[in-house]
Amino acid sequence: MLQLVNIRSNRDEIIASLKKRNIDAEALIDEVIALDEKRRSTQQVLDQNLNESKKLASEIGMLFKQGKQEEAQAAKSKTSDLKVVTQELDGVLKETESKLNTILSSIPNAPHSSVPAGKSSEDNETIRTWGDASDAPHHTPHWDLTSKYKLIDFETGVKITGAGFPIYTGRGAKLQRALIQFFIDEADSAGYTEVIPPLLINEASGFGTGQLPDKDGQMYYANEDNLFLIPTAEVPITNMYRDMIVDEADLPIKNVGYTPCFRREAGSYGKDVRGLNRLHQFDKVEIVQLETPERSYQTLENMVAHVEGLLRKLGLPYRVLRLCGGDMGFTSALTYDLEVYSAGQGRWLEVSSVSNFETYQANRMKLRVKRKDGKKEMAHTLNGSALALPRIVAALLENNFDGEKINIPAVLVPYTKFETIS
RNA sequence: GGAGAGUUGGCAGAGUGGUCGAAUGCACUAGUCUUGAAAACUAGCGUGCCGCAAGGUACCGAGAGUUCGAAUCUCUCACUCUCCGCCA
């Protein structure tokens, strides 16, 4: 959620910034400001009333103690009017706060100044490209390769679960594990602490990182237990720090976690879902950081650099995009997408999304930093895929197929224990 | 799944209707003492909201209720622990 203090003091900037998401937030923001004012003035009056009630109550207590029954009874009758007013004010305050929170949590994060305006992925800004996207010798899509070399069994996955739940078999499975291990080792070297979080999360966690209340349709839901399957490790890992005040000296906090991710992906179709392009269950290694406001943007760049390092070591041509306002996620202030070139399909595939949420998630989950001078403020949260497996596998197979065999990148061979797939 | 016990400040742990935001100990911070450290002593030490401030108000797992007044009584829910059952 946006912070009220910011909305109060930077109303115009926030409205202008939200325009980059193609949202005219003026009416909403003004409603927030009005509700906030109502909330504050109501609380002032309520506090005065409560103060009087408290005083009266303790006076009555004294009178009873001194045995002055009649005076005590008289004082009691005075309290009833006050009580009615207090209850009324309390009702108004709660209702106002609840309205305020509902509206506030429905407003997306205000994009960073560097975010370009735009409507769709067409308007994303390409920051840089690495590698030669055109030099692949063959153009066989990965679904032909996985079938030819028996790496992934899509059909049996359909039988036991449904579309989008593939079965990795033999060297396909080993390649998958090798990549996971490689990604975690790299993050480990970069100072991230590995965590293995739960794969189901409760409502509070879903709200904390911003998947709830609006995106519950995207998550699988275990009705009996009121739990959701995680769409990304971001949710459990970031929520480890929910309702916490962390010492500035402990920042940055860096975690890496490998988890399967589950997404319903309702409404997807066509070439986007062919093969490994979009799945309901997929593996991902995620990096998460908690930072101070003044350092978070440098940290964002560092995280992008980390992900680029992975792609370079794998030898996959890629490009870095700065997402436009219209294509950015609800909670993000600035997002970089990394896309690898898929030689077999002749197109770019998103394999990582690295974002700075600034205080947006922190404010939802009450995650604060205690500064050296003792003052508390919202922390910044960041995360990024490092990396999402399926499309990496797709690009790896396609780009390294020489017509006879698939050549495993040298960095992976110690993990796979085989150099080629043929 | 069954039975029982519990949930209080960073931790431990008092508190069963009034002056309790909450004893005490530990931890932590600052100071005194000391060549330095330890010890000892002194002081400070939760969070949110409102307020320029003084200060006010709320929070003792969550929510509702009884009462002039609730950490304390009642109800509902959640969670934790112990024992039994089941089980990787």
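By convention in this document, chain letters (A, B, ...) are assigned in the order of the sequence lines, proteins followed by strands, and residues within each chain are numbered from 1. Below, all heavy atoms of this structure are taken into account, side chains as well, without hydrogens, waters or symmetry copies.
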Problem - Ring-face cation of A:Lys215 near A:Phe330 (centre distance under 6.0 Å, axis angle within 45°) - result: yes
Problem - Under 4.0 Å protein heavy-atom contact, by nucleotide of nucleotides 66-73 of chain B - B base, S sugar-phosphate only - result: --BS----
Completion exercise
Expected string for nucleotides 47-54 of chain B under the B/S/- scheme (protein heavy atoms, under 4.0 Å, primed atoms plus P, OP1, OP2 as sugar-phosphate) is SSBSS---
Mate of [N] where both pairing distances stay under 3.5 Å, Watson-Crick or G-U:
| N | value |
| --- | --- |
| B:G46 | B:C59 |
| B:A40 | B:U32 |
| B:A53 | none |
| B:G65 | B:C73 |
| B:G9 | none |

Taking [M] as the reference, what is the distance to [N] when you measure between their [atom1] atoms (whole Å, please)?
| N | M | atom1 | result |
| --- | --- | --- | --- |
| B:A12 | B:U7 | P | 12 Å |
| B:G46 | B:A23 | P | 11 Å |
| B:G13 | B:U82 | P | 15 Å |
| B:A39 | B:C33 | C1' | 11 Å |
| B:A3 | B:G61 | P | 25 Å |
| B:C77 | B:C83 | P | 26 Å |
| B:U47 | B:G36 | P | 34 Å |
| B:G6 | B:A54 | C1' | 42 Å |

Handout entry: Main-chain N/O of A:Thr359 paired with A:Asn363 side-chain donor or acceptor, under 3.5 Å
Key = no
[X] [atom1] to [N] [atom2], straight-line distance once rounded to whole Å:
| X | N | atom1 | atom2 | answer |
| --- | --- | --- | --- | --- |
| A:Leu46 | B:C59 | CG | P | 11 Å |
| A:Asp247 | B:A27 | CG | C1' | 14 Å |
| A:Leu89 | B:A58 | CG | P | 13 Å |
| A:Asp250 | B:C28 | CG | C1' | 14 Å |
| A:Gln48 | B:A58 | CD | C1' | 16 Å |
| A:Asp225 | B:C77 | CG | P | 17 Å |
| A:Asp90 | B:A64 | CG | C1' | 13 Å |

Exercise for the section: Output all residues satisfying salt bridge (charged side-chain N to carboxylate O under 4.0 Å, His left out) with A:Glu265, sequence neighbours left out; order by chain, then residue number. Expected result: A:Arg278
Exercise for the section: Check salt bridge (charged side-chain N to carboxylate O under 4.0 Å, His left out) between A:Glu37 and all other residues, then give those that pass, not counting sequence neighbours. Expected result: none
Exercise for the section: Give the C-alpha distance, both sets of side-chain angles, the deciding distance and a yes or no for side-chain contact (heavy atoms from CB on, under 4.5 Å) between A:Ile152 and A:Ile167. Expected result: CA-CA 6 Å; A:Ile152 297 177; A:Ile167 298 172; over 6 Å; no
Problem - Under-4.0 Å side-chain N/O to phosphate OP1/OP2 contact, A:Asn51 with B:U57 - result: yes
May I have the list of side-chain donor-acceptor pairs in residues 154-162 of chain A shorter than 3.5 Å, sequence neighbours left out?
from	atom 1	to	atom 2	distance (Å)
A:Thr156	OG1	A:Asp153	OD1	3.1
A:Thr156	OG1	A:Asp153	OD2	2.5

Practice task
Could you list the residues that satisfy side-chain hydrogen bond (donor to acceptor under 3.5 Å, both in side chains) with A:Glu31, not counting sequence neighbours?
Solution key: none
Fill in the blank from the handout: With sequence neighbours left out, the residues meeting side-chain hydrogen bond (donor to acceptor under 3.5 Å, both in side chains) with A:Glu291 are A:Arg295, A:Thr299
Fill in the blank from the handout: dist A:Leu387:CG -> A:Leu311:CG (nearest 0.5 Å) comes out at 5.0 Å
Completion exercise
residues 183-201 of chain A vs salt bridge (charged side-chain N to carboxylate O under 4.0 Å, His left out), sequence neighbours excluded, gives A:Glu186-A:Lys313
Practice task
Can you sort out the partners of A:Ser121 under side-chain contact (heavy atoms from CB on, under 4.5 Å), two or more places apart, ordered by chain and number?
Solution key: A:Asn124, A:Asp327
Practice task
Describe the nucleic acid contact of A:Lys54 in one word from base, sugar-phosphate, nothing, applying a heavy-atom distance below 4.0 Å.
Solution key: sugar-phosphate
